[in-house]
Amino acid sequence: MFGLFKRGNSSKEESKRPLYKDLKKNTEEVKKLFSHGVNSDFVYRKVTSNTNKEVSIFFYASIVNSQKIYDGIIKPLFESEKENLRSVIILEDLAESYDFDQVESDINSGKAVIFEENSDRAYAVDVAEFQHRAVEKPENESVVKGPQEAFTESVSVNLSLIRKKIHDKQLIAETVEIGERAKQAVTVMYVSDLVNQDTLKNVRERLNSISVDNVRNIEILEQHIEERPYSIIPTLLYTERSDRAASFLEEGFIVLMMNNSSACLILPVTFWSFFHTPEDRYLRFLFGNFSRIIRFLALIITLFISAVYVAITNYHSEMIPPDLLLAITSARERVPFPGVFEVLLMEISFELIREAGLRIPNPLGPTIGIVGALILGQAAVEANIVSPIIVIIVALSGLSSFAMANISLNYTIRITRFIFIMAASFFGMFSLMGAFLLWLMYLASLKSFGTPFLAPLSPRYPSARDTIFRKTAIKEMLRPGFVKPQDMKKK
Amino acid sequence: MRPVFFFLAVGLLFLLSGCYDRIELEEQSYVIGIGIDKADNDEKGLFKITFQIANPEVGSSISSGGSDEDPQQTITVEGSDFITATNTANSIVTKEIVLDHTKVLVISEELARSGDFLRVVQSASRTTQLRRGVQIVVSREDASDFLNNNKPTLETRPHKYYQFMLNRATETGIIPDADVHRFFQITEGDADLFLAIYATTEKIEEKSQGYEDQYIAGQIPQIGSNATQFMGSAVFKEGKMIDVLTGQETRLCLIFDNTIDMDDLLATYPDPIKKGYRIAASFIKKEKTKVDIDYKKNQPSKITVTVPFSLEILAIPSLVDYAENSENQKILRKTITDDINKRAEQLVKKAQQEYRSDPFYWSIYVRKYFRTIKEYEKADWNHDIFPNADVKLDFQLTQIEFGKMLNDSDLDAVRD
């Protein structure tokens, strides 16, 4: 019964089927392969050329540029005096294929395949035009000061966005094919005289070792190539900003892109890559660092405020100043639940609002605001379900969590917050600090493609020391040493 | 480890650990003041313990009920110490009584003078509940009466009242900073005298001629408002109260003592030229008092105390020109310095002869002469060194300021 789950390796092993010498046979075979007649957008066109030669042209109407086919293939065939198809077709990319598998993949990737009489080779002309969005503004990583070009769901557009920023012949866009049934191309980008070759080899190996039918986009690819799928910490950076990808490339990082994702993956990463935003660099030294302080504060608040509240009110009432103590006490006198439950109740309601707010159709959007504000704010307090200070605490921790712009880190922080609240409810500050230490130790022990997660803070590496704070642009002379780039110096 | 086991382990952690000493805020009663009196029947080892408990519902903006309740609840029970008495008090008070937020420890003068205070306060050093920063207040009347009679009109919530009252009075120096920690430090050190805050809610006969700080609590003429007065200090020698110092004497003690800070010392001094008037000035001490002890074995030691200070003149009701007339100024400088010197000398003399120890914490300056604690104890600061020492006081007026306007109104020109 295990055979049921076994992947069909047999087709792969089979030797390639060569093309026939006969045009008719070839045409029939391709028609059969692509279910011509049933498949409505599969086009077969028979053309008799100027020199009285018969050719068959195959393509998917939905993924090619029909104007290009007319101008570049059909028109020259009717007009040209030349015999050789290579001389007749003047489009930039003309490849030859000798077997049906190649023909199949050519047609699937938006090429027009041409068969001629008495020949066992086919010509594949690249006339692909897949539909995609235009270059738009980044929606999830917006900045006030800085470029506003986001990636879109087309690798060629994305490549163009990056090449526009890095004029370097060493910038390589290598393609690795993954997937066994429907192959997809992953574009691996790097600057070849900066990137660490071991990391690059590692990435290639991991991409090649993926054995699934289909990997549609990088969001799924991320889960296939990460080291620890169960970990609470992400080990690949997901960004939709082309400028961010470019800046990482120039430091010796590797960028992965796929056709169906309007974002890229960057590796290896450290905690700091999640913590930083591109705007930190675009703002002046002082302003950028100010916004980093605020963000770090937000990180601390969102991780700890609820947990510390639980710990202090349940175990260390002597730590609260008397005024606040009496205020909380008087508010809590009419609340029927224990403190931990109260906090969890509000935290979960906040998560509910967040989740519902994401999923709700746009026209209904404002409902969330009204219902959320009413439930979480006034009504819950007035009904004596929660005390007012809880609303402040949960609102503060929720608000601060939004300062962690990166979606992966955002989830990490939110889940950690619940762990900390639970920990605090056991033995107060004692167990909270225990949980925090364990969490920190786990963070320090992690590696992303060989790079320690907290580097260059711990362990220390030569680098521009771009951690919580950054230096002025002039003083940043080193590339991050933890990536082990081939060239450390920036100037 | 398989995830199932992991979650099982975490789940068990919840159940097994329970909630050890978890307690919700509203399940506790917060004591703000503790009062200790001798028991009525004079039985040894039994005391009347009073707890003043804050009512959280008063003064809170969210409370709907409870606004017409008293801001505090004061109850008195008998017990041998104030920790076990919390359990006895639970027969009356509904919630667990915690002493974490206690601000004052009030003891009656009667108990303080009997010497039993040292016994009952022992539990303060043993328990983690009572903070070391709790201020010790000696009340002229019974502590229970003090706590019951004290009805502040503005800060009705007791913790706020004690916080502000004690802070400000300590800043002006009319009462000392007298926390439990200092009490144990001095008492165990077996040298020096401990000064506790002296207060009362009862009027005693008013002192007819007293200036701003020459009172003890209860003597200050006052009309209106809450009758509670904090003024002066109770002197403790070896854990037993022996005397009361006036506000002025307390201030002098604080000037001599570098371990306590004092910020704001406004006082008046006799006008040297027009007798009967007084000059108001702010006494500013920016530098530390220099205490130099020249210890000699079997001979009177020499203690030289230098107090550098400056004055800011605030009012000259006699309208004599001190600001610009250097002759007059010279006289003024001398009078003020002499005046302070004289009072200080009286106090030191009183300490040497009457108390036979010092309330200035000067013993720390003699300790450097001894290599071991035994040697130091043998030299005996309280009985030998200090009472027989030759104390020289030197108040140095370094600077005198006359405020922003040098000239007072010319009385003749005004009244022509």
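Being a predicted model, the structure only gives us computed values, none of them experimental. So that the names make sense, note that chain A is the first sequence line, chain B the second, and so on, each numbered from 1.
- One finds the CD atom of B:E24 at 6.5 Å from the OG1 atom of A:T313 (value rounded to the nearest 0.5 Å).
- Within a 6.0 Å sphere centred on CZ of A:R216, heavy atoms belonging to other residues, nucleotides or ligands number 12 at most.
- Atom CG of A:L438 is surrounded by more than 12 heavy atoms from other residues, nucleotides or ligands within 6.0 Å.
- Here the NE2 atom belonging to B:H101 is positioned 6.5 Å from the CD1 atom belonging to A:I320, to the nearest 0.5 angstrom.
- When all heavy atoms of B:P56 and A:S330 are compared, the closest pair comes out as O-CB, 3.3 Å.
- Taking A:S431, A:G428, A:S387, A:G339 one by one and counting their heavy-atom pairs under 4.5 Å with chain B, the maximum is reached by A:G339.
- A heavy-atom distance below 4.5 Å is found between the side chains of B:E57 and A:R334.
- Of all heavy-atom pairs spanning B:E26 and A:T329, the tightest one is CA-CG2, 3.7 Å.
- Between the CD atom in B:Q28 and the CG atom in A:L325 there is a gap of 8.0 Å [rounded to 0.5 Å].
- Other residues, nucleotides and ligands place no more than 12 heavy atoms under 6.0 Å from the CZ atom of A:F430.
- Salt bridge annotation for B:K95-A:E333: present, with a cationic side-chain nitrogen under 4.0 angstrom from a carboxylate oxygen.
- Considering every non-hydrogen atom in both B:R22 and A:P338, the closest pair reads NH1-CB, 4.0 Å.
- Between A:L326 atom CG and B:Y30 atom OH the span is 8.0 Å, to the nearest 0.5 Å.
- Remark: the backbone N or O of A:E318 is paired with a side-chain donor or acceptor of B:R131 at under 3.5 angstrom.
- For A:R206, the CZ atom is densely surrounded, since the number of other residues' heavy atoms within 6.0 Å is greater than 12.
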